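Whatever order the structure lists them in is the order used to number ligands and atoms, beginning at 1. Below, all heavy atoms of this structure are taken into account, side chains as well, without hydrogens, waters or symmetry copies. Computed from a predicted structure; not experimentally measured.
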Amino acid sequence: MATLLHIDSSVFPTDASASRAVTDAFRRTWQEQHPEGTVIHRDLATNPVPHISAHAHTAGFSDPATHTPEQAAAFAVRVQLIEELERADAVLIGAPMYNLTIPSTLKAWLDNVVLFGRTAGEAQSAKGTPITVIASRGGAYGPGTPREGYEYVQNYLSAILADFLGAEVDFIVPELTMAPINPEMADLVPLFEASRERALEEAATKAKQLAQRLAA
Ligand SMILES: Cc1cc2nc3c(=O)[nH]c(=O)nc-3n(C[C@H](O)[C@H](O)[C@H](O)COP(=O)(O)O)c2cc1C
């Protein structure tokens, strides 16, 4: 039975969050396909993981037998997060754009799980894992838009997840989510609505495809 690691990082609850609405749709389809499967849910907004510390960092590059109690405690947290990633057959990440990049809670999770010699570098223990990222944003940063050069979510996550971890990364991008509440974006509401519908459809399709692929 397949395991899905589902990570949310929006500060808003599902009924007010563009990314959570889509991760929720993905997860529901996944669970329909895999009623016996396992979903590990990490809500980084309500249960943030610790920021990387000197103890957690240095412990990653030294023999566990030599760890101080502080290193051992900090490293145990990293190992738990890394094992969740390694155990996952597929990963789903809600990554809203906050001040042009990812929420700091998601960065803290990445700082814990990126460990050269295990998940990153030559070893890449989660290599090939399909990761679907729901990259919601209030504006639009796609190719050809005026803000294209300010896109630091997909650019950054592609580098970390695909290049560092060796994962197979896909993005679903609900954009212009601020249009309904920002009067200056009123003309963009139809584009926002179309983007939201497309994202929900893509999430259901992707979840189904992945479930079928992993069951094969
Ligand atoms: C702290 C904060 C910073 C934000 N910064 C940006 C930004 O730089 N660019 C943008 O397009 N939208 C920005 N937004 C809007 C969010 O990207 C938008 O509300 C999106 O729907 C967030 O996904 P969520 O609803 O799942 O949290 C910001 C929102 C918050 C709360």
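A donor-acceptor pair shorter than 3.5 Å cannot be found between the side chains of H51 and D111.
A parallel orientation is assigned to the rings of W30 and F26, their planes being inclined by less than 30° (bins at 30° and 60°).
Of the possible donor and acceptor atoms, one in the side chain of S195 sits under 3.5 Å from a partner among the backbone N and O of E175.
Under the 4.5 Å side-chain criterion, counting only non-hydrogen atoms from C-beta, Q124 is not in contact with L165.
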Within the protein, flag every N or O under 3.5 Å from an N or O of ligand 1, and note the pair and distance.
{"unit_1": "ligand 1", "atom_1": "5 (N)", "unit_2": "N99", "atom_2": "N", "d": "2.8"}
{"unit_1": "ligand 1", "atom_1": "8 (O)", "unit_2": "N99", "atom_2": "N", "d": "3.3"}
{"unit_1": "ligand 1", "atom_1": "8 (O)", "unit_2": "L100", "atom_2": "N", "d": "2.9"}
{"unit_1": "ligand 1", "atom_1": "9 (N)", "unit_2": "Y141", "atom_2": "OH", "d": "2.8"}
{"unit_1": "ligand 1", "atom_1": "11 (O)", "unit_2": "G138", "atom_2": "N", "d": "3.2"}
{"unit_1": "ligand 1", "atom_1": "11 (O)", "unit_2": "G139", "atom_2": "N", "d": "2.8"}
{"unit_1": "ligand 1", "atom_1": "11 (O)", "unit_2": "Y141", "atom_2": "OH", "d": "2.9"}
{"unit_1": "ligand 1", "atom_1": "12 (N)", "unit_2": "G138", "atom_2": "N", "d": "3.2"}
{"unit_1": "ligand 1", "atom_1": "14 (N)", "unit_2": "M97", "atom_2": "O", "d": "3.4"}
{"unit_1": "ligand 1", "atom_1": "17 (O)", "unit_2": "M97", "atom_2": "O", "d": "2.7"}
{"unit_1": "ligand 1", "atom_1": "17 (O)", "unit_2": "G138", "atom_2": "N", "d": "3.2"}
{"unit_1": "ligand 1", "atom_1": "21 (O)", "unit_2": "T177", "atom_2": "OG1", "d": "2.6"}
{"unit_1": "ligand 1", "atom_1": "23 (O)", "unit_2": "S136", "atom_2": "OG", "d": "2.7"}
{"unit_1": "ligand 1", "atom_1": "25 (O)", "unit_2": "A18", "atom_2": "N", "d": "2.9"}
{"unit_1": "ligand 1", "atom_1": "26 (O)", "unit_2": "S10", "atom_2": "OG", "d": "3.4"}
{"unit_1": "ligand 1", "atom_1": "26 (O)", "unit_2": "S17", "atom_2": "OG", "d": "2.7"}
{"unit_1": "ligand 1", "atom_1": "26 (O)", "unit_2": "A18", "atom_2": "N", "d": "3.3"}
{"unit_1": "ligand 1", "atom_1": "26 (O)", "unit_2": "S19", "atom_2": "N", "d": "2.8"}
{"unit_1": "ligand 1", "atom_1": "26 (O)", "unit_2": "S19", "atom_2": "OG", "d": "2.6"}
{"unit_1": "ligand 1", "atom_1": "27 (O)", "unit_2": "S10", "atom_2": "OG", "d": "2.6"}
{"unit_1": "ligand 1", "atom_1": "27 (O)", "unit_2": "Y98", "atom_2": "OH", "d": "2.9"}

The test is side chain to side chain donor-acceptor pair (under 3.5 Å); show your working for T23 and D8 and say whether it passes.
CA-CA 8 Å; T23 58; D8 279 312; 2.9 Å; yes

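Y98 shares a hydrophobic cluster with V11, F12; the chain of contacts runs through ILVMFWY side chains whose heavy atoms sit under 4.5 Å apart.
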